[in-house]
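Values in this document were obtained by computation on a predicted structure and should not be read as measured data.
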Amino acid sequence: MNIAILVDIGRIEIAQQDIPNPGPNEILIKVEACGICGSDLHMFHGNHPILRPPLRMGHEVAGSVEQAGIGANGWKKGDRVLLFPLSGCGECARCIEETPHLCEKQQVIGAHIPGGFADYVLAKEENLIKLPYDISFIEGALVEPAAVAVHTVSRLGSVSGHNVAVLGVGPIGLLCVQVLKALGATTVIASDPLEHRLNLARQLGADVVVNPLTQNLKQKSFEISPLGLDAVIDCAGLEQTLQAAFEITRRGGKIAATAVFLKDVTIPMTLLQRGERSLIGVMSYEKKDFHQVIQLVSEQKLDVKALVTHKYPLQEIQRGFETAGSRTLPVGKVIIEKGACL
């Protein structure tokens, strides 16, 4: 089978290896679609806080069961599946609580474990989620990033009737915009310096779009909500966006840090403490978030497919990563798809 290996910073090569046989309680998945994630781009560019080449990336996987190992009795060849890429130690309190995303020994398929940028990928039975027939493989590959958005919004509590800003509307930010509107937010502000992202945010439900390079985000926020916004989601991960989040959030409001911050930043402690604002960390998702995304997509309350702007076959994955990392092309979500045409 073909596999894509990040052999060095900025360089991916296609190699071949034998198709693996699944061990006990393992499933061999035929990969139909796999999205390029922001964390994949951090690995590709060499600025991920932990991971370095060589790596076989890819954790946004949709496909079908090719072969089930001994003990994996709940699956048969041809079953449509999604990959839940997190694996905890299975023994700590967090794993017992079924929150493996908080396990200190957590491993991730596509990072610590060989991922889905390949013709086939191995996964434990517990890492599979059924993909309904009314959701395409392309949409299935976007369930994982959408689960980040659902988890982010859940960390804010109820958003019904609230005014919320999303700072940075790349793919995760765009999904957060949609999830906020689907769960009843009154006004959603989308802020980003790239106009093509703002245009897509508007199409996907943002009530107000702001380019912080040419418009005053603080002024616009207080026009909408004179005491400040109920919540802000930082999907940019910059010191200036976190500072802005504190400045536009009302007293008692909440700020969710969803982006991967590549370095430590200064937190405005006076705004945090005197206003009793809450800064909330977001670390990926739980299985229940996947199921909520599937429900929202099936009910047509979440349009994940609208984010896809480019599709490439596995053999062109280098080009796919270069496109996904472009700051000049109008790029949304890039998918590596079996049989994709250039």
Side-chain angles (χ1 to χ4, degrees), residues 145-146 148-195 197-261 265-283 285 289 292 296 301-302:
V148 176
V150 164
H151 189 69
T152 294
V153 175
S154 74
R155 295 279 285 143
L156 296 174
S158 174
V159 295
S160 180
H162 287 188
N163 299 321
V164 186
V166 180
L167 308 185
V169 284
I172 298 296
L174 290 169
L175 289 163
C176 284
V177 167
Q178 290 196 72
V179 171
L180 286 165
K181 294 304 292 184
L183 297 182
T186 298
T187 305
V188 175
I189 302 171
S191 174
D192 199 284
L194 299 179
E195 287 297 329
R197 288 183 173 179
L198 295 179
N199 291 335
L200 191 50
R202 188 183 292 108
Q203 294 171 29
L204 294 175
D207 301 287
V208 178
V209 298
V210 176
N211 186 325
L213 300 181
T214 58
Q215 297 171 282
N216 190 318
L217 173 63
K218 186 174 181 179
Q219 177 182 333
K220 182 65 67 174
S221 298
F222 280 91
E223 286 175 3
I224 292 166
S225 190
L227 297 178
L229 303 176
D230 297 293
V232 175
I233 298 172
D234 189 341
C235 288
L238 304 171
E239 184 156 339
Q240 58 263 43
T241 54
L242 188 61
Q243 176 72 33
F246 275 95
E247 292 176 353
I248 64 179
T249 305
R250 65 168 174 80
R251 288 176 172 243
K254 299 177 180 179
I255 299 158
T258 301
V260 176
F261 282 74
V265 298
T266 301
I267 297 173
M269 289 304 299
T270 300
L271 292 174
L272 174 70
Q273 186 176 32
R274 294 181 66 83
E276 290 198 357
R277 295 170 176 87
S278 299
L279 177 59
I280 301 168
V282 177
M283 176 59 192
Y285 35 63
D289 301 314
Q292 186 172 359
L296 289 171
K301 294 180 180 178
L302 187 57

Verdict with supporting geometry, Arg277 and Arg251, side-chain contact (heavy atoms from CB on, under 4.5 Å): CA-CA 6 Å; Arg277 295 170 176 87; Arg251 288 176 172 243; 4.0 Å; yes
Evaluation steps, side-chain contact (heavy atoms from CB on, under 4.5 Å), between Leu183 and Ser160: CA-CA 6 Å; Leu183 297 182; Ser160 180; over 6 Å; no
Tyr285 vs Thr152, side-chain contact (heavy atoms from CB on, under 4.5 Å): CA-CA, chis, key distance, verdict: CA-CA 8 Å; Tyr285 35 63; Thr152 294; over 6 Å; no
From CA spacing to verdict: side-chain contact (heavy atoms from CB on, under 4.5 Å), Leu296, Gln292: CA-CA 6 Å; Leu296 289 171; Gln292 186 172 359; 4.2 Å; yes
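With rounding to the nearest 0.5 angstrom, the CG atom of Asn211 is 8.0 Å from the CG atom of Leu194. For the atom pair CG of Asp234 and CD of Gln240, the computed distance is 9.5 Å after rounding to the nearest 0.5 Å. Rounded to the nearest 0.5 Å, atoms CG (Leu229) and NZ (Lys218) are 12.0 Å apart. Between atom OG of residue Ser221 and atom CD1 of residue Ile189 there is a gap of 4.0 Å, rounded to the nearest 0.5 Å. Here the CG atom belonging to Leu217 is positioned 11.5 Å from the CG atom belonging to Asp192, to the nearest 0.5 angstrom. Between the CG atom of Leu213 and the OG atom of Ser191 there is a distance of 8.5 Å, given to the nearest 0.5 Å.
Between Val209 and the options Leu198, Val188, Leu200, Asn199, a side chain to side chain contact (heavy atoms under 4.5 Å, CB included) holds for only Leu198. Each of Val282, Ile280, Val153 was compared with Thr258 under the side chain to side chain contact (heavy atoms under 4.5 Å, CB included) criterion, and only Val282 meets it.
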Please set out all donor-acceptor pairs under 3.5 angstrom arising from side-chain atoms of residues 166-178, sequence neighbours excluded.
unit_1	atom_1	unit_2	atom_2	d
Gln178	OE1	Asp303	N	2.8
Gln178	NE2	Asp303	O	3.1

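A salt bridge links Asp230 and Arg250; the closest N-O separation between the charged side-chain nitrogens and carboxylate oxygens is under 4.0 Å. Under 4.0 Å is where a charged nitrogen must lie from a carboxylate oxygen, and between Asp207 and Arg202 no such pair does.
In this structure, the side chain of Lys181 engages the main chain of Thr186 through a donor-acceptor pair within 3.5 Å. Here the side chain of Lys254 pairs a donor or acceptor atom with the backbone of Leu156 at under 3.5 angstrom. Counting only distance, with no hydrogens or angles, the side chain of Thr241 and the backbone of Leu238 share a donor-acceptor pair below 3.5 Å.
No more than 12 heavy atoms of other residues, nucleotides or ligands sit less than 6.0 Å from atom CD of Gln273.
For Ala259 against Cys235, the heavy-atom pair with the smallest separation is CB-C, 3.5 Å. Shortest non-hydrogen contact noted between Leu272 and Leu279 is CD1-N, 4.1 Å. When all heavy atoms of Phe222 and Ile248 are compared, the closest pair comes out as CE1-CA, 4.0 Å.
Side chains of Glu247 and Gln243: a donor-acceptor N/O pair is present below 3.5 angstrom, by distance only.
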